[in-house]
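Worksheet: the structure to be examined is printed underneath.
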Amino acid sequence: MFPARVLAVAPLALVILALSGCSSWGCTDTTAERGKAGVKVQIVDTDGQPLGVTAEVVDWTLEPHPQAPSEGDQVHFRFRFDGADEYSDPAVDACAVDKERVALGCQTVTSSQAFGPADAPLTGDYWLDVEHPEKVGAVLLIPNDRSYDRRTCEVDIKDGGGTHPPRTPSKGDQL
């Protein structure tokens, strides 16, 4: 009689465990596809849906950083975010690339860094330190929003998982 009751209750117990999130059967991590880099990009979420915000490299120059002039030229660029508000803070990767669009150095910039001077309130500036600044042909932005990256299944099997932004490009990556 006892084994029959155990067999009758076992499926219900498994259903309760699965619905409570105590099961690892449903947790998966995926990575969004990296969007096409450009001087001006429409920022997209991890599902590829536009956020209604554009980011743009306004200009760039090679010059010594004022705090480290002895280190030689670095890439100094100005960027702009249009459509971001005080509640959102989209972030994109900015990359110095050569004439073949090979990454020489990248850094994430956020819309909150674009507080700019009074005559250009939506602009910001940043410095990229690259090994061979003379090879820089452009500064490009990658349209994938990096402002939120959920926890992975490995870190949080119950509430983690889902689609994550692509990794920041490394030196040598083709954009």
Side-chain angles (χ1 to χ4, degrees), residues 18-60 74-116 121-133 135-175:
L19 292 176
S20 70
C22 295
S23 167
S24 64
W25 298 323
C27 191
T28 57
D29 288 307
T30 58
T31 302
E33 185 176 325
R34 181 181 294 150
K36 182 173 173 52
V39 172
K40 185 174 184 177
V41 296
Q42 178 80 355
I43 302 175
V44 296
D45 65 16
T46 54
D47 294 323
Q49 299 301 309
L51 298 179
V53 179
T54 58
E56 177 181 11
V57 174
V58 177
D59 62 22
W60 65 274
Q74 295 182 22
V75 180
H76 183 213
F77 69 99
R78 289 186 326 124
F79 58 92
R80 170 185 195 90
F81 282 84
D82 287 318
D85 59 32
E86 65 271 9
Y87 302 109
S88 66
D89 191 19
V92 295
D93 288 324
C95 298
V97 298
D98 66 13
K99 62 184 177 184
E100 279 91 35
R101 296 174 60 108
V102 174
L104 302 172
C106 298
Q107 180 65 46
T108 302
V109 294
T110 66
S111 65
S112 63
Q113 293 172 297
F115 50 84
L122 299 174
T123 62
D125 73 314
Y126 207 87
W127 295 82
L128 289 170
D129 185 17
V130 297
E131 193 173 333
H132 296 286
K135 292 183 178 181
V136 175
V139 176
L140 302 177
L141 302 173
I142 303 198
N144 303 86
D145 182 23
R146 301 194 53 75
S147 64
Y148 176 72
D149 189 6
R150 62 185 43 167
R151 295 176 291 208
T152 63
C153 292
E154 183 179 358
V155 171
D156 186 347
I157 200 158
K158 181 179 175 204
D159 297 321
T163 306
H164 302 274
R167 68 171 175 73
T168 298
S170 300
K171 189 178 353 175
D173 284 358
Q174 179 74 44
L175 302 181

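The basis for the numbers below is simple: all heavy atoms, side chains too, and nothing from hydrogens, waters or symmetry mates.
When all heavy atoms are compared, the tightest approach of T168 to C106 is CG2-CB, 4.0 Å. Closest of all the heavy-atom pairs between D89 and S111 is OD1-OG, 3.0 Å. Of all non-hydrogen atoms in A103 and L175, the two that sit nearest each other are CB-CD1, 4.4 Å. Closest heavy-atom contact between L141 and E56: CD1-N, 3.5 Å. For the pair F79 and D125, the tightest heavy-atom approach, listed with the atom from each and the gap, is CE2-N, 3.6 Å.
Taking the six-membered ring for Trp and thresholds of 30 and 60 degrees, F77 and Y126 have ring planes inclined between 30 and 60 degrees apart.
Side-chain contact between V57 and L140 is absent, with no heavy atoms from C-beta onward closer than 4.5 Å. Between D82 and R80 the shortest side-chain heavy-atom distance falls below 4.5 Å. By the 4.5 Å heavy-atom criterion applied to side chains, V136 and L104 are counted as neighbours. Taking the side chain as every heavy atom from C-beta outward, P169 and D93 approach each other to under 4.5 Å. With contacts defined as side-chain heavy-atom distances shorter than 4.5 Å, the pair T123/F81 does not qualify. Residues I142 and C95 have side chains in contact (heavy-atom distance under 4.5 Å, counting atoms from C-beta outward).
Checking side-chain atoms of D29 against main-chain N and O of C153 turns up a donor-acceptor pair under 3.5 Å.
Residues meeting the side-chain hydrogen bond (donor to acceptor under 3.5 Å, both in side chains) test with D156, sequence neighbours left out: R151. Looking at residues two or more places apart in sequence or on another chain, you find no side-chain hydrogen bond (donor to acceptor under 3.5 Å, both in side chains) involving D129. The ring pair (Phe, Tyr, Trp, His ring centres under 6.0 Å) check on H164 picks up nothing, with sequence neighbours excluded. Among residues two or more places apart in sequence or in another chain, the side-chain hydrogen bond (donor to acceptor under 3.5 Å, both in side chains) test is passed with S147 by D145. In this view, E100 satisfies the side-chain hydrogen bond (donor to acceptor under 3.5 Å, both in side chains) rule with no residue, not counting sequence neighbours.
Few gaps surround CD on Q174; more than 12 heavy atoms of other groups in view lie less than 6.0 Å from it.
Distance NE2/H76 to CH2/W127: 4.5 Å, rounded to 0.5 Å. Between R146 atom CZ and T108 atom OG1 the span is 5.0 Å, to the nearest 0.5 Å.
With respect to the salt-bridge test (charged N to carboxylate O, under 4.0 angstrom), the residues R78 and D59 qualify.
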Would you tabulate the side-chain donor-acceptor contacts of residues 30-45 under 3.5 Å, counting partners in other chains and residues two or more places apart, or write 'none'?
unit_1	atom_1	unit_2	atom_2	d
T30	OG1	T163	OG1	3.1
R34	NH2	R167	O	3.1
D45	OD1	D47	N	2.9
D45	OD1	G48	N	3.1
D45	OD1	Q49	N	2.9

